[in-house]
2 protein chains.
Amino acid sequence: MSPNKSSVGVDQCHCFAMRKAARQISRLYDSHLQPTGLRITQFLILAALNQEQGVSINDLAERLDTERTAMGKMVGVLERDGFVRLRPSPTDGRSRLAELTPSGKGLFEQAAPLWREAQRQFGEMNGAKDVRALRQNLAGMKTGDLSTSFE
Amino acid sequence: MSPNKSSVGVDQCHCFAMRKAARQISRLYDSHLQPTGLRITQFLILAALNQEQGVSINDLAERLDTERTAMGKMVGVLERDGFVRLRPSPTDGRSRLAELTPSGKGLFEQAAPLWREAQRQFGEMNGAKDVRALRQNLAGMKTGDLSTSFE
DNA sequence: TGGATATAAGGGCATATGCCTGCATTATTC
DNA sequence: GAATAATGCAGGCATATGCCCTTATATCCA
């Protein structure tokens, strides 16, 4: 038999394979976004806010599937740099709603074509068929939904 | 038309889909490893060292596809906690070779069955066929090889 | 209405990841 | 063999991610 049943090989680990792929694709997108100083994580936050303004930290976190407090910190960075504004919710005193500042909107408009190019290049390198299959595999992947502390 | 051509939707981003999947599967493996206090990243380092002792930081980094200096820091944590020992290479004064301590070996032995269970559970939740397809998709994925600062 | 419970965030702490720079050591080249 | 280049790491700095605990509101229910 090939890999011994008891051998715990790094290369057999599904988690490793996925993490490795995530790092690789992130490097691709990050390199495209570099002229803007944004990384893909930050770009996605701006994109989410561009789609829907006035979103709470929790909503943002859920939308981007990150841990709540982690999102708070990331948004904090963007706020510090003037791309995002946080204002208290008029209906809920606990909540603060995030929205793009004009500067943030501008940065997003600048970054969007770079993202598109990364997306296009990834599609070109892998072929529409493989990309479709990959996306389906990822979307269908089950992990048992271990909270990021929502539920 | 469905999603406007100019709409940069978070959900269309291949990078986002991949990162999200990586976080999800990491949560699964991390939760299984929790009794040992290890996370999947640390477990993989121990596993790599278990497969081959006396590896330089650079070799480890390349094997696990992480940035060199990042690997140095992660190994540093494991060294601090007594699971890994770093000794100067006898043939190259610049290099330090990492190996498991008995304590590290023991921890690995303790963690391996938990990893196996995570791996098994992932396989069960997704089915052998889908897992195979996913792994193939990931392995075949091309991103243009943007160094993690090796080459 | 007042107390119990639930929810939104923030702060602290720790690891993970990556960049850039500097330092020591080895390898190369003339 | 000395000057130069390449290599292996460490350190500093910044973001990313996640956990825990605390605080401020909001809600609900007796």
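The structure displayed is predicted, hence computed values, not measured ones. In what follows, every chain begins at residue 1, and chains take the letters A, B, ... in the order their sequences are listed.
Closest non-hydrogen pair, A/Q51 versus B/G9, comes out as NE2-CA, 3.4 Å.
Judged by distance alone with a 3.5 Å cut-off, a donor-acceptor contact links the side chain of B/K73 to the base of D/dG12. For D/dC9, its base never sits under 3.5 Å from the side chain of B/T69 at any donor and acceptor pair.
Straight-line distance from the CD atom of B/Q42 to the P atom of C/dA14: 14 Å, rounded to whole Å. The interatomic distance linking A/L33 (CG) with C/dC19 (P) rounds to 14 Å, in whole Å. Rounded to whole Å, the distance from CZ on B/F43 to C1' on C/dT15 is 18 Å. Taking atom CD1 on A/I57 and atom P on C/dG11, their separation rounds to 12 Å, with Å as the unit. A/L44 has its CG atom 17 Å from the P atom of D/dT15, to the nearest Å. Separating the CG atom of B/L60 from the P atom of C/dA16 is a distance of 13 Å, rounded to the nearest angstrom. To the nearest angstrom, C1' of D/dT17 lies 13 Å from CZ of A/R39. The CD1-P distance, from B/I40 to C/dA14, rounds to 23 Å in whole Å.
In this structure, A/T36 has no side-chain hydrogen bond (donor to acceptor under 3.5 Å, both in side chains) partners at least two apart in sequence or on a different chain. Partners of B/E52 by side-chain hydrogen bond (donor to acceptor under 3.5 Å, both in side chains), not counting sequence neighbours: none found.
One finds no salt bridge joining A/D59 and A/R68 here, because no Lys/Arg side-chain nitrogen approaches an Asp/Glu carboxylate oxygen to under 4.0 Å. Electrostatic pairing of B/R85 and B/E79 does not count as a salt bridge here, judged by no charged N lying under 4.0 Å from a carboxylate O.
Here B/R68 does not reach the OP1 or OP2 of D/dT7: none of its side-chain N or O atoms lies under 4.0 Å away. Contact annotation: A/N58 side-chain N/O to C/dT7 OP1/OP2 distance is not under 4.0 Å. Using a 4.0 Å cut-off, some side-chain N or O of A/R23 falls inside it from OP1 or OP2 of C/dT17. Considering only side-chain N and O atoms, A/T66 lies nowhere under 4.0 angstrom from the phosphate OP1 or OP2 of D/dT17.
Both B/Q34 and B/R19 sit near DNA chain D, but only B/R19 has its closest nucleotide nearer the 5' end.
Under the 3.5 Å distance criterion, with hydrogens and angles disregarded, no donor-acceptor pair is assigned to the side chains of A/Q119 and A/H32. Side-chain contact check for A/T66 and B/R23: no donor-acceptor pair (N or O, by modelled atom type) lies under 3.5 Å.
Within residues 79-106 of chain A, the residues approached by DNA chain D to less than 4.0 Å at the level of any non-hydrogen atom are A/R80, A/D92, A/G93, A/R94, in residue-number order.
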